[in-house]
Each structure stands twice: as C-alpha cells, then as structure tokens.
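Below: one structure, written as structure tokens.
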Number of protein chains: 2
Amino acid sequence: MKIGELARATATKVETVRFYERAGLLPPPDRTDANYRSYGPEHLQRLSFIRRSRDLGFSLDAVRDLLALADDRGKPCDAVDAIASGHLAEVERKIADLTAMRGELRRVIGSCRHNTVADCKIIETLGPRRDA
Amino acid sequence: MKIGELARATATKVETVRFYERAGLLPPPDRTDANYRSYGPEHLQRLSFIRRSRDLGFSLDAVRDLLALADDRGKPCDAVDAIASGHLAEVERKIADLTAMRGELRRVIGSCRHNTVADCKIIETLGPRRDA
DNA sequence: CTTGAGTCTGTAGCGACTACAGACGGTAGA
DNA sequence: TCTACCGTCTGTAGTCGCTACAGACTCAAG
C-alpha cells in the first residue's frame, strides 16, 4: 500500500508517517520504481501500535521502548509494565495539576462582576499587588 | 533591581525573564552603565502577573491579551472573562482526555500477568491485530 | 590581584509534529 | 494525446515555552 492509504487506515497524516520513519519508529519500506514508499501489513500493524500508544499519551521515546520490547517476545513483561505504570503516574500527576488549575480558574471567574477592568476581580487576582 | 533579584523574587529563571522581554511580555527596562538590566517595581508587578497567569495555564498569547486589558482600565471586564472562560473550557477538556487515558491505562496495566512479552496483555492491547 | 558569581548577546535544542516549496508520478476525462 | 489534478517525493522551517549553552564582560569580596 502507498503512504496515503496507510495514513488513512491509521488516521495519521502522511507527513506524520514520514516523520515516524525519520524518527526511527517505523522501518523504511520498499520503494516502487517511481520511488514511492510501498508498505506491507507489518507496517500497518506497527503504525497501529504507535498510534494506539500515542493515543494513550506515551512519548515517542516510550513508544520506541515498547516497540523494542514487543519485538523481544521472550523477555519478561515487567519492563512493559514499568513503562506503562510510570506513564500512568505521570498522567495522574497531570490530572491533579489541571484539577487544581480548574478550581482556581472557577474561583477567579466566579468573582467577575462584569464591570470595568479597573475593578475586575480576575485582573486583581492575577496581579497580586496592584494598587493603582 | 537586577535581573537575578527579579528572577528570584518571582521564582523565574533569568533566561526566562529575558525570554519574556524578547517575546514582548515584559517591557525592556533601563540599563546601567555596564549595560545590566535595571528593573523597577512595575516590572516586578508585571512579571508576577505573567507568572501567576502561566501557573493557571494561560498561553503566552493569552497572557499578552490579559496584560493589554489590564492596562486598559476603562474597558469592560467581559473580554477578560471571555479569555478566562475559554481557557477553563480547554482545561476541562484536557482533564476529560487525561481521565479517559487514565482509565485505559489502568485497565491495560491491571491485565498484566507478569509473564513474558509473548503473552503480555499490555503489548496485545497496544498492537490490536498481532497474531504471531 | 584573583577568584567566583552575575550579567550580556546570540544561537541552538527540546517534543511531536505541521506546513510549506518545488519537483516529479500516475490517472481519468475531453 | 493532452491536460488537469491528485498523490508522492525531499528538504527545510515553523510551532510553543522555554532551556542551555558559548564566549565575553562586570562587579564585589577576600
């Protein structure tokens, strides 16, 4: 299959597919006479893996590690678990950060009385020591 | 005050202060004879505003807009509210995305039986149609 | 007088793409 | 057969918000 088909099949942009190749995540495929990339089912499978991992928020580095592990079928699974668990912890930290932000933002926005900027509570909150 | 003092006072790195100046967020201060930046209290106040806004997750573009509004004290406050509300919506979207990710990750990790990669549920889940 | 810390400018790097420019290939309708 | 148009190619630069240098300077303390 050509790059456009592969891209469509995995909901990826063509440029991103080429980017993954340059980044060493997707092996360089054969080329046609016209120098077009020609992918096989193994590429489709590998790109699907990458996309799914990315959807779960894994970094490209993590995806690289996961792919290497996936290719090493005899290895114990704990390394995979470690990567995933580490990532989960990070996601949880981000959720906590954003939840705190949300609380602050709601508080700040809730205090807006829709007057002028001069006595805007939002601006006041942002600039803590504004006295003019 | 010199850039290092300003940076310490606002928990900002010196390079970041200079970056904000280049980015047009912090006005260029006077210079000493030795060409050192010399900041006044208005810079401290403005940088505090920037930092607080960044802590709440506003983009630099949004901070620029907020600063412009803060300087225009007669304007109605609704524009400020709009920026903040838009940002809140985005934060909520991110929380929803991350929460979905977290659920998926927990499910995937929970299925790990700590065997070899060959029958690792995590790898299986990531590569949907792996049959070897 | 020397040492060390702070400051200066300018540039390049990060992650994960995205968006071109400019050239070439392939195909379907007129 | 011509032509229009899409797809593909390479290479490079842009995005965001910093961060990290390199190499030169200044300043204060001992």
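None of the values given here were measured: they were computed from a predicted structure. Protein chains get the first letters and strands the later ones, always in sequence-line order, with residue 1 at the start of each. For the numbers below, each heavy atom of this structure counts, side chains included, while hydrogens, waters and symmetry mates do not.
Side chain of L60(B), nearest nucleotide from dC9(D), dT8(D), dC18(D): dC18(D). Closest to the side chain of R51(B), out of dC18(D), dC17(C), dC8(C), is dC18(D). Listed candidates were dG17(D), dT8(D), dT11(C). Nearest to the side chain of S59(B) is dG17(D). Side-chain atoms of N35(A) lie closest to dT10(D) of the nucleotides dT19(D), dT10(D), dT7(C). Taking the side chain of A34(B) as heavy atoms from C-beta on, and the options dT11(C), dC27(D), dG25(C), the nearest nucleotide is dC27(D).
Nearest heavy atom pair, residue C120(A) against residue V80(B), reads SG-CG1, 4.1 Å.
Here R46(A) pairs with D71(A) in a salt bridge; the nearest charged N to carboxylate O distance falls below 4.0 Å. Looking at E21(A) and R18(A), no side-chain N of the basic residue comes within less than 4.0 Å of a carboxylate O on the acidic one, giving no salt bridge. Between R106(B) and E92(A) a salt bridge is recorded (basic side-chain N to carboxylate O distance below 4.0 Å). For the pair R52(A) and E104(B), the salt-bridge criterion is met [side-chain N within less than 4.0 Å of a carboxylate O].
If you take CG of D65(A) and C1' of dG15(C), they are 15 Å apart, rounded to a whole angstrom. Computed from coordinates, the I50(A) CD1 to dG15(C) P distance equals 16 Å when rounded to whole Å. The interatomic distance linking F58(A) (CZ) with dA16(C) (P) rounds to 13 Å, in whole Å. In this structure, I3(A) atom CD1 and dT18(C) atom C1' are separated by 14 Å, rounded to whole Å. When the C1' atom of dA13(D) is taken as reference, atom CZ of R18(A) falls 15 Å away, rounded to whole Å. Rounded to an integer number of Å, the gap from CG of L25(B) to P of dC16(D) is 12 Å. Distance L6(B) CG to dT7(C) P: 10 Å, rounded to the nearest Å. Regarding D30(A), its CG atom lies at a distance of 17 Å from the C1' atom of dC9(D), rounded to whole Å.
A donor-acceptor contact closer than 3.5 angstrom links the side chains of R51(B) and T12(B).
OP1 or OP2 of dG17(D) has not a single side-chain nitrogen or oxygen of Y20(B) nearer than 4.0 Å. Contact annotation: K2(B) does not reach the phosphate of dT26(D) (side-chain N/O to OP1 or OP2, under 4.0 Å). Phosphate proximity of dG7(D) to R37(A): absent, as no side-chain N or O sits under 4.0 Å from OP1 or OP2. Listed pair T16(B) / dT19(D) meets the phosphate criterion, a side-chain N or O lying under 4.0 Å from OP1 or OP2. OP1 or OP2 of dT10(D) has at least one side-chain nitrogen or oxygen of R31(A) nearer than 4.0 Å.
Remark: the Y36(A) side chain and the dG7(D) base include a donor-acceptor N/O pair separated by less than 3.5 Å.
When each of R22(B) and E5(A) is assigned the nucleotide of DNA chain D bearing its nearest heavy atom, the one mapping closer to the 5' terminus is E5(A). If you find the closest nucleotide of DNA chain C to G57(A) and to E15(A), the one lying nearer the 5' end belongs to G57(A).
No contact: R8(A) has no heavy atom under 4.0 Å from any strand.
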